[in-house]
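Only one structure is covered here, and it is reproduced in the block below.
Chain naming here is simple, since letters A, B, ... match the order of the sequence lines and numbering starts at 1 in each.
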Number of protein chains: 2
Amino acid sequence: MTKKNITAHCAVDYAFKRIGGKYKGRILWVIRDGFMRYGELKRAIVGISPKMLTQTLRELEADELVSRKVYLEVPPRVEYSLTSTGEELIPFIKQLRSWGEKKMSQN
Amino acid sequence: MTKKNITAHCAVDYAFKRIGGKYKGRILWVIRDGFMRYGELKRAIVGISPKMLTQTLRELEADELVSRKVYLEVPPRVEYSLTSTGEELIPFIKQLRSWGEKKMSQN
DNA sequence: CAGGATCCAATCTGATACTG
DNA sequence: CAGTATCAGATTGGATCCTG
């Protein structure tokens, strides 16, 4: 789901559609500090398959939450970083993460 | 997905699993102000089927984000409200909603 | 290194009809 | 009013193998 395909009933619906999905939150969160290479992301997002990582990154890119920079080197190097729109989401994810930490420790 | 079934890789993952899903955010948001009856929710969440509304409410209840109160009257009356854990999520949803509003107007 | 391609199983969602 | 039940279709995700 990318923003071009979203038909939302309200802003909450819209926002959840843009950052929902199994891995989008985690990916945005691990990219928060700067440039991450594909392989770094792969190691950081434990359990993700290359297919899902690539697919989700492509959606985030089409959505302009993440930008992708390809270096013409051998071996190839590709770096991902947040766009300014993506960075705007980090405070919310941080808040949600704190909530999650608290709840996990309570159960 | 309810919290009992969640096996999360990190707190972000955990939190998204608890509030992810097509309607959870919207439902929490419309219940934010107090008690809502089933029929009110049905009208407020445009496009939801009774099946999905019931199913999602049951998950939110099992997750202790929403509480359900049945009044033994004829005709039946059932009211839903946020638990304190559910209320803790409202600031997050509110912020995310503002972000969504801004982005919707930009496209 | 950073992916693309394919196939398939599991999950989720919608539509419709019915009920205490 | 506040749900259930059933079936079918759509979507998502995982496993595996391949490549510039």
What nucleotide among [options] has an atom nearest to a side-chain atom of [X]?
{"X": "B:K51", "options": "C:dC1, D:dG3, C:dA15", "result": "C:dA15"}
{"X": "B:R77", "options": "D:dG3, C:dG3, D:dA2", "result": "D:dA2"}
{"X": "B:P76", "options": "D:dG14, C:dG4, D:dA2", "result": "D:dA2"}

- Query: Under a 4.5 Å cut-off applied to non-hydrogen side-chain atoms, are A:R37 and A:F35 in contact?
  - Reply: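 When only atoms from C-beta onward are counted, A:F35 and A:R37 do not touch, as no gap falls below 4.5 Å.
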
- Task: Check whether any side-chain heavy atom of B:V12 lies under 4.5 Å from a side-chain heavy atom of A:L28, and answer yes or no.
- Result: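 A side-chain contact under 4.5 Å is absent here.
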
- Query: If you measure from the Lys or Arg side-chain nitrogens to the Asp or Glu carboxylate oxygens, is any gap between B:K3 and B:E64 under 4.0 Å?
  - Reply: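 A salt bridge links B:K3 with B:E64.
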
- Ionic contact status for A:R68 with A:E79, cut-off 4.0 Å: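 So A:E79 does not pair with A:R68 through a salt bridge.
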
Atom-pair distance ([atom1] on [X]; [atom2] on [N]), nearest Å:
{"X": "B:I48", "N": "C:dG14", "atom1": "CD1", "atom2": "C1'", "value": "11 Å"}
{"X": "B:L53", "N": "D:dT4", "atom1": "CG", "atom2": "P", "value": "11 Å"}
{"X": "A:E79", "N": "C:dG3", "atom1": "CD", "atom2": "C1'", "value": "16 Å"}
{"X": "B:K24", "N": "C:dT13", "atom1": "NZ", "atom2": "P", "value": "10 Å"}
{"X": "B:M52", "N": "D:dT11", "atom1": "CE", "atom2": "C1'", "value": "13 Å"}
{"X": "B:Y80", "N": "D:dA2", "atom1": "OH", "atom2": "P", "value": "8 Å"}
{"X": "B:Y23", "N": "C:dC12", "atom1": "OH", "atom2": "C1'", "value": "11 Å"}
{"X": "A:L72", "N": "D:dG20", "atom1": "CG", "atom2": "P", "value": "17 Å"}

Can a side chain N or O of [X] be found less than 4.0 Å away from OP1 or OP2 on [N]?
{"X": "B:R58", "N": "D:dG3", "value": "yes"}
{"X": "A:Y38", "N": "C:dG4", "value": "no"}
{"X": "A:R37", "N": "C:dA2", "value": "yes"}

- How would you label the contact of B:K22 with the nucleic acid (heavy atoms, under 4.0 Å): base, sugar-phosphate, or nothing?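 Touches sugar-phosphate only.
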
- Query: Contact class for A:T54 (heavy atom, under 4.0 Å): base, sugar-phosphate, or nothing?
  - Reply: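 Sugar-phosphate contact only - A:T54 comes under 4.0 Å of backbone atoms but never of a base.
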
- Message: With rounding to the nearest 0.5 angstrom, report the OH to OG1 distance, A:Y14 to A:T7.
- Response: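 So the gap between those two atoms works out to 11.5 Å.
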
- Task: Using the closest heavy atom to pick a nucleotide of DNA chain D for each, name whichever of B:R68 or A:Q55 lands nearer the 5' end.
- Result: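 Its nearest nucleotide lies further toward 5', so the answer is B:R68.
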
